[in-house]
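Notes for the one structure printed next.
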Protein chains: 2
Amino acid sequence: MESTYDRLRELIVSGAYPPGQRITEQDLCVRLTVSRTPVREALHRLESDGLVRGERRGVSIVELDGKALADAYRIRAALEALTAELAAHRQLAGELPPAALTRLARLAEAADQTTTSGDLAAGVRHNRAFHRHVAVLADNPQALAMLDRIWDQIIVSTRASLAAPARPATVDEEHQRLITAISEGRPAEAATAARDHVLATLAAQPDPDTGGAP
Amino acid sequence: MESTYDRLRELIVSGAYPPGQRITEQDLCVRLTVSRTPVREALHRLESDGLVRGERRGVSIVELDGKALADAYRIRAALEALTAELAAHRQLAGELPPAALTRLARLAEAADQTTTSGDLAAGVRHNRAFHRHVAVLADNPQALAMLDRIWDQIIVSTRASLAAPARPATVDEEHQRLITAISEGRPAEAATAARDHVLATLAAQPDPDTGGAP
DNA sequence: TTGCGCTCGACTGCATGCAATGTATACGTT
DNA sequence: AACGTATACATTGCATGCAGTCGAGCGCAA
């Protein structure tokens, strides 16, 4: 059985409620056909997750502005650099089964193919699956959980401006560089590759506004 | 008014419930003199925070084992490297008021003095305040929030083995190196100093067991 | 005595009802 | 006509009651 929290989270992440949307508990009760108690609980947990924000009246889907989005990407870069480094280190220690690496390559290929073919939603999904698998290889469950949260936040806030990446070839190139660094057990290079890749993605955001004052 | 979630969190972080302790909602109801509804909600949020863990029956305070503790420290190292780098970068851009830096130095001194004088609890508190201020200077609220969560987890799981640091002088030396790197606007050095400092703290843990199998 | 099954109890999850609070609107006053 | 105030409504937070579920302890049989 799926919890109300999971269902609501899925709704938000999948874009059923656009960022900035104001929601009341009552609305969700009829939408999910449950009582207010589990809805209340779910909303508060999602607030801890940074997906919704408590307003004076009700809650609203968080929309990260330019600065907050840049902050999130920098965190993601730091964490993915860590997971990539750990994954490469495990490879160096001979702790990674070969199947895990071939799977990584397959995920990268799937991400590249779908993106190139124009299926943006599937491209994002496969891209995330690729990055997520790196974190799985790192064998650090807490880092994986944190990255999942950050990814959800970013997905919600960038869905509206989801456009065809102007540089699919570059993205795949960066993925390959990361795969190679991990496969050949070079932690430092893996970390750098992951960090640079994420920061490049940030730089490619349509409305950076990475500056300061509003 | 303080929410039940905040009160319960404070109880756990302050060590009122030792790690591994089994708790039922009913117990907390009488302890906090509230109904089960807010208690339930608080427990689930704390589970998201990684402070409690849902058991088959009730919940228990999480106790990170050697591997999980090492994982947490590595995440902390990565995030603190990021915040230190950002803080140094802001200093380079002239965005840091001088008062912020003097405050940083004062916090480091307080941490050093209390630790050296043998007041372990106060030492931990001041030490955390010092590190937290670096994250504040970084001006990345999400990173600050993540670090707060990690710190709470680490505090709960290391309270039992809280012993006098065998190397107070080294700790202060590392703090000074970090302060200098930030004050003089050297992001790369600040990042390295922060990372090394945290990883050194990990290495100083009494029961590392950073290896693999149990 | 030991192993298995059953029944009782405890605990969690959800729905509903009530009280408190803040907001928006409408009315009266200046 | 504009502003201040009061009232009514919407909405949140909490307490309580009920049903379902899982575990523990006890009894019975081999």
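None of these values were measured; they are calculated from a predicted model. Labels below follow one simple rule: chain letters A, B, ... track the order of the sequence lines, proteins then strands, and each chain is numbered from 1.
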Can you tell me which residue pairs pass the salt bridge (Lys or Arg N to Asp or Glu O under 4.0 Å) test with a partner in residues 94-107 of chain A, sequence neighbours excluded?
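Counting only pairs at least two positions apart or across chains, the salt bridge (Lys or Arg N to Asp or Glu O under 4.0 Å) contacts touching residues 94-107 of chain A are A:R90-A:E95.
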Quick one: how far along DNA chain C does chain A reach, first to last nucleotide 5' to 3', anything under 4.0 Å to a heavy atom?
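The protein-touched segment is C:dA15 to C:dT23.
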Check side-chain contact (heavy atoms from CB on, under 4.5 Å) between B:S117 and all other residues, then give those that pass, not counting sequence neighbours.
B:D119
Only counting residues at least two apart or in another chain, list the ones meeting side-chain contact (heavy atoms from CB on, under 4.5 Å) with A:E10.
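In terms of side-chain contact (heavy atoms from CB on, under 4.5 Å), with neighbours along the sequence ignored, A:E10 is linked to A:S14.
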Please enumerate all residues that pass salt bridge (Lys or Arg N to Asp or Glu O under 4.0 Å) together with A:E80, with sequence neighbours excluded.
A:R76
Does any pair with a residue in residues 5-64 of chain A pass ring-ring contact (aromatic ring centres under 6.0 Å, His included), and if so which ones, sequence neighbours excluded?
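Sorted result for residues 5-64 of chain A: empty, none.
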Which pairs pass ring-ring contact (aromatic ring centres under 6.0 Å, His included) with one or both residues in residues 66-110 of chain B, sequence neighbours excluded?
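Listed by first then second residue: nothing to list.
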Can you check the B:E2 CD to D:dC14 P distance for me, whole Å?
13 Å
Whole angstrom is fine here: how far is it from CZ in B:R7 over to P in D:dG13?
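Taking atom P of D:dG13 as the reference, CZ of B:R7 is at 16 Å.
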Residues in side-chain hydrogen bond (donor to acceptor under 3.5 Å, both in side chains) contact with B:R128, at least two apart in sequence or another chain:
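In terms of side-chain hydrogen bond (donor to acceptor under 3.5 Å, both in side chains), with neighbours along the sequence ignored, B:R128 is linked to B:D148, B:D152.
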State which residues pass side-chain hydrogen bond (donor to acceptor under 3.5 Å, both in side chains) with B:R125; sequence neighbours excluded, sorted by chain then number.
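None.
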Taking B:R7 first and then B:E2, would you say they form a salt bridge - that is, a charged N and a carboxylate O separated by under 4.0 Å?
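A salt bridge is absent here (no side-chain N lies under 4.0 Å from a carboxylate O).
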Its contact letters, B for base, S for sugar-phosphate only and - for none at protein heavy atoms under 4.0 Å, make nucleotides 19-24 of chain D read --BBS-
Please identify each residue that fulfils ring-ring contact (aromatic ring centres under 6.0 Å, His included) with B:F130, with sequence neighbours left out.
B:H175
Return the residues of residues 22-44 of chain A meeting this criterion: a heavy atom under 4.0 Å from some atom of DNA chain C. Order them by number, or give none.
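Correct list: A:V34, A:S35, A:R36, A:T37, A:P38.
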